[in-house]
Trainee: 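Structure below; questions to follow.
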Amino acid sequence: MKKIVVFLGAPGAGKGTAAAAVAAKTGAIHVSTGAMLRDALARGTPAGLEAKSYMESGALVPDETLCKMISELLAGTADGATVFLDGFPRNVAQAEALYALAPAADAQIASALMLDVSKEALLERLGGRRTCPKCGAGYHVKSLPPKKEGICDACGTALVTRADDRPETIAHRLEVYESATAPVVGFYEKAGKLRRIDASGSAAEVAALVEAAL
Ligand SMILES: [Zn+2]
């Protein structure tokens, strides 16, 4: 039997960071939706080819194709493995689909971890991100500032705020999260699988809480 642990939380809650850190420590497999998609495309799996046809026509990859991709991934995972899903499910329909596909892949949903952060903290985290347009290095005005304000440590280029990290985009991302993904929390709560994690601390503190909740 394979175990699935779902990571939930708003953009900026630190799902990816926590999942990656705990996976590296425990040997779990960290799967972000973006990486899974890129991998399926690169390997040309049936679901990858299906996704490619949607993406080439400029359409979003439908839930059904993402579910096939997760089935492929679980089928290729060793028995007894733990899989951290980061970025899926994003809505209740996907959460239901995940329950439906798991048994065929000899997998079960062990728990859903909700990384709780206040809205004020999310806005501060997301709004403080700065990126180097030349080398891609990431900074944060408070938690990871460059040595010289506004300048990349690695290459000396002036840092920029990516479109994704501008206030109006952040507000929109949080709205999308509230309307589509927040109901997924209620879904897992009803299923008795939800564990709430206080994700207001440092990355190391959050990772320790996540590990303890597994
Ligand atoms: Zn740079």
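Just so you know, ligand 1 is whichever comes first in the structure, and atom 1 is the first atom listed for that ligand. Keep in mind the model is a prediction, meaning the values are calculated, not measured.
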Trainee: Enumerate the protein N/O/S atoms at a distance below 2.8 Å from the Zn ion (ligand 1), ignoring waters.
Mentor: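 Protein N, O or S atoms closer than 2.8 Å to the Zn ion (ligand 1): C132 SG, C135 SG, C152 SG, C155 SG.
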Trainee: Under 4.5 Å between any side-chain heavy atoms of V117 and R125, yes or no?
Mentor: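 Yes; the side chains approach each other to less than 4.5 Å.
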Trainee: Only counting residues at least two apart or in another chain, list the ones meeting side chain to side chain contact (heavy atoms under 4.5 Å, CB included) with C132.
Mentor: K134, C135, A137, C152, C155, T157, L159
Trainee: Do Q108 and I4 have side chains that approach each other closer than 4.5 Å (heavy atoms only, starting at C-beta)?
Mentor: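 Result no, sub-4.5 Å side-chain heavy-atom pair not found.
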Trainee: When rounded to the nearest 0.5 angstrom, what distance separates CD in E50 from CD in E64?
Mentor: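 Between E50 CD and E64 CD, I get 6.5 Å after rounding to 0.5 Å.
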Trainee: Does R173 come within less than 4.0 Å of D165, counting only side-chain N to carboxylate O?
Mentor: yes
Trainee: Can we say R196 and D116 salt-bridge, meaning some charged N sits less than 4.0 Å from an Asp/Glu carboxylate O?
Mentor: yes
